[in-house]
Amino acid sequence: MVLNGVVMVLMFCGLVFFTGGGIGILRFPDFYTRLHPAGKLDTLGSLLMMTSVAIFNLHEITLSNALTSLKIMLIVVFVFISSPTATHAIMDAGVRAGLRPWEKGMPRG
Amino acid sequence: MKRLALLIVILSGGLLLYATKDFPSWGDPNSPASTHVSPRYLEKSLEETAVPNVVTAVLADYRGYDTMFETTVIFCAGVACFMLLRKFEPEERDLYYRHIPTGLTLHIKGEKQIPSTSKEFEKIDAIWTPYDFIINTVSRFLVPFIQLFALYVIAHGHHSPGGGFQGGVILGASIIVLAVAFNLRTAVRRFGEKIDGIMSALGVFIYAGVGAFCAILGAEFLNYRALAKILPVGKVMARSHGILAVEIGVGIAVMAVMICIYNNVASEGKFDEGL
Amino acid sequence: MHSLFLYVGLYLCFLMVLSLYRGVAGPTVVDRLIGVNAIGSKTVVLLVLIGLLYDRIDMFVDIALAYAMLNFIAVLGASRYFQKRKGLYEEPPYK
Amino acid sequence: MIEPASRESSQVKTKWGPFVVTFLTSFGLWLILSGKFDYFHMGLGLISCALVSIFSGDLLFPGGLPEGFLAKAVGFIAYLPWLLYQIFLANLHVLYLSLHPKMLEKINPQVIRFQSRLKSDISMVTFANSITLTPGTITLSVSVDGDFKVHAIDDKSAEGLAGEMEQRVARAFRED
């Protein structure tokens, strides 16, 4: 029961972060600022959701279940290494293409 | 014109959706797809081949010919790509070099070349994606683990949704990451064009070779049961191991062909600078 | 619990549609790339959730890991490509 | 007579070090991935890990094993909990911004340049990716000699840049 509660709370937090990411991508004014929610909120959201799934998977503790949970955490590790790199790559492409950053007082792009 | 195209797309999509109404419903036990030979596969594949994953058993054992010629088709795609795109005459063009200790860029016009043995200069691309420190280091760290995962997928085709095709694609992608993150030259230095060609033929050869070996041992072509004569296992396990050998061949072929197609398309067949 | 996972998955699909708007409408190519990357990172989670729904999580984890890898490679390749070929201005220049 | 021998042994060490470390890491990973502990699958695992280590051991450590490899690995792992906490705070901040109704007045995007004192590849990449993951900042570009360009989303995150995080990364990789 406690386990289920933890799973639900984690999953809810993850969904909140994902929602923030989705709305942020739509609302921020230009390309550079849009990358902030896309790069960060999605990473933490997937960390929380994956952790909750991994905990739920441990409802009966066997070797194979534990290994599956470890694999899920492996995905998290991979996402944590690759997601900032992908964000940086996209931003680098924007910089090289000469996109001008949004500044205060400009219209939304 | 755009509107006409949209109209056609919507119309054909609607037609397709309309046609799906006549399909048997999902999971219907009386549909033609699940009445003739499928129940036999589902019931017998585990005891006949010792492979828990029915898809793998059907793909590599019961329908071995099919998969063999699929691999051949992939091989042909690689060969066609090579034949159509690869250019061998060098073009006259400007060359760029980076002086590694200082980071200066040299621009040389005409054909003159700094010999490639010099350690201080590194040839760089003319349409040039600059050296990106973060991407390079991270992909350098990820490539071994991507390769390990690919080998895991190939080796566990019996137990998980993997197999030669999927593992080969991931294995090829791990080399393509190198080409994308550094440049094509780095990837080609690590996995040369000649080796690539040999590997793509070798994959098909392993598949057909296993089949022919079964024929030599006195059974039909691709009947892995015959392998029990040389392997220290029973006939059922011999089939399982035969499937593994075949999957390895498929993986090698798919990997090499992926890399070949990427290299040729990305560098327009010149193999000097990619993407 | 299973219905919870079902609704969470549906909600994730809804969020993907939100990100898809950026992928379709984004003024430049790199904006579209952001949308695609956001969809990809949600898909990884969705795959694991589908695994829970079908009770075959050990299989779907492999697929999710492979998808995460290919998503990373695709975004890397696309961003490097547009950086190099300057294919950014298929539309009127960004103001 | 002693000197050449000792030099040779050190060469052997630098040659085999990356292979051994890659092999052990990838075999640990294989055990997690595979989940089958019979001889056949373990044998396949040994072969696969050997292939990977031969083919890309030099990718992981291009110049041989760095000095104090284990201490650095431990330091890196000890750095992670603090990083996670920072990531959490940063995400709350960005979440607040992206849901705030008057968001356009709150944000003030700007590009900041600063010189880092980190030296090795891996510490600079760790630092750059930590910047990307934390307070409203994304690394724009890093040059090899540690010249960072960072895009910050508002004044608050621009002020809080570098400082403590750089110190912690430096301590984790034994560079202070």
Side-chain angles (χ1 to χ4, degrees), chain A residues 13 16-45 47-48 63-74 77 80-92 94-96 101-108, chain D residues 28-37 77 80 83-112 122 125-142 148-155 157:
Chain A
C13 292
V16 168
F17 282 113
F18 267 138
T19 315
I23 293 175
I25 291 176
L26 295 185
R27 281 192 72 211
F28 273 107
D30 82 325
F31 158 70
Y32 295 98
T33 42
R34 265 173 220 144
L35 261 176
H36 286 268
K40 287 190 249 288
L41 294 175
D42 281 6
T43 317
L44 190 65
L47 167 72
L48 291 173
L63 183 64
S64 69
N65 274 353
L67 281 173
T68 310
S69 295
L70 267 179
K71 263 195 221 177
I72 296 176
M73 295 322 283
L74 207 64
V77 172
F80 257 72
I81 297 173
S82 72
S83 161
T85 314
T87 310
H88 168 75
I90 299 175
M91 186 158 253
D92 209 37
V95 173
R96 305 261 181 220
W102 181 87
E103 280 159 24
K104 258 196 176 358
M106 283 162 68
R108 296 168 74 99
Chain D
L29 207 62
W30 177 275
L31 288 184
I32 296 176
L33 283 172
S34 163
K36 298 208 183 312
F37 301 105
I77 291 169
L80 287 181
L83 181 67
L84 270 182
Y85 176 63
Q86 288 296 312
I87 289 172
F88 193 71
L89 289 186
N91 277 287
L92 282 182
H93 182 58
V94 177
L95 188 69
Y96 167 76
L97 278 180
S98 81
L99 295 179
H100 198 280
K102 288 179 183 169
M103 175 251 294
L104 284 187
E105 292 161 24
K106 285 257 172 194
I107 61 175
N108 181 22
Q110 49 198 292
V111 176
I112 307 156
I122 179 65
V125 168
T126 311
F127 184 42
N129 274 355
S130 310
I131 286 177
T132 304
L133 282 171
T134 47
T137 46
I138 293 182
T139 315
L140 278 181
S141 69
V142 184
F148 278 70
K149 259 196 214 166
V150 172
H151 183 270
I153 198 168
D154 62 353
D155 297 331
S157 34

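Note on naming: letters A, B, ... go to the chains in the order of the sequence lines (proteins, then strands), and numbering restarts at 1 for each one.
Counting only N and O atoms by type, the side chains of N129(D) and T132(D) include no donor and acceptor under 3.5 Å apart.
Every residue two or more places apart in sequence or in another chain that forms a salt bridge (charged side-chain N to carboxylate O under 4.0 Å, His left out) with K71(A) is listed here: D62(C). In this structure, the side-chain contact (heavy atoms from CB on, under 4.5 Å) partners of A38(A), at least two apart in sequence or on a different chain, are I25(A), I34(C).
When the candidates L31(D), I87(D), L33(D) are compared by the number of heavy-atom contacts under 4.5 Å with chain A, L33(D) comes out ahead.
In this structure, no portion of Y96(D) lies under 4.5 Å from any heavy atom of chain A. Proximity to chain D is limited to the side chain of T43(A), based on heavy atoms less than 4.5 angstrom apart. Both the backbone and the side chain of L41(A) come within less than 4.5 Å of a heavy atom of chain D.
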I138(D) vs Y32(A), side-chain contact (heavy atoms from CB on, under 4.5 Å): CA-CA, chis, key distance, verdict: CA-CA 9 Å; I138(D) 293 182; Y32(A) 295 98; over 6 Å; no
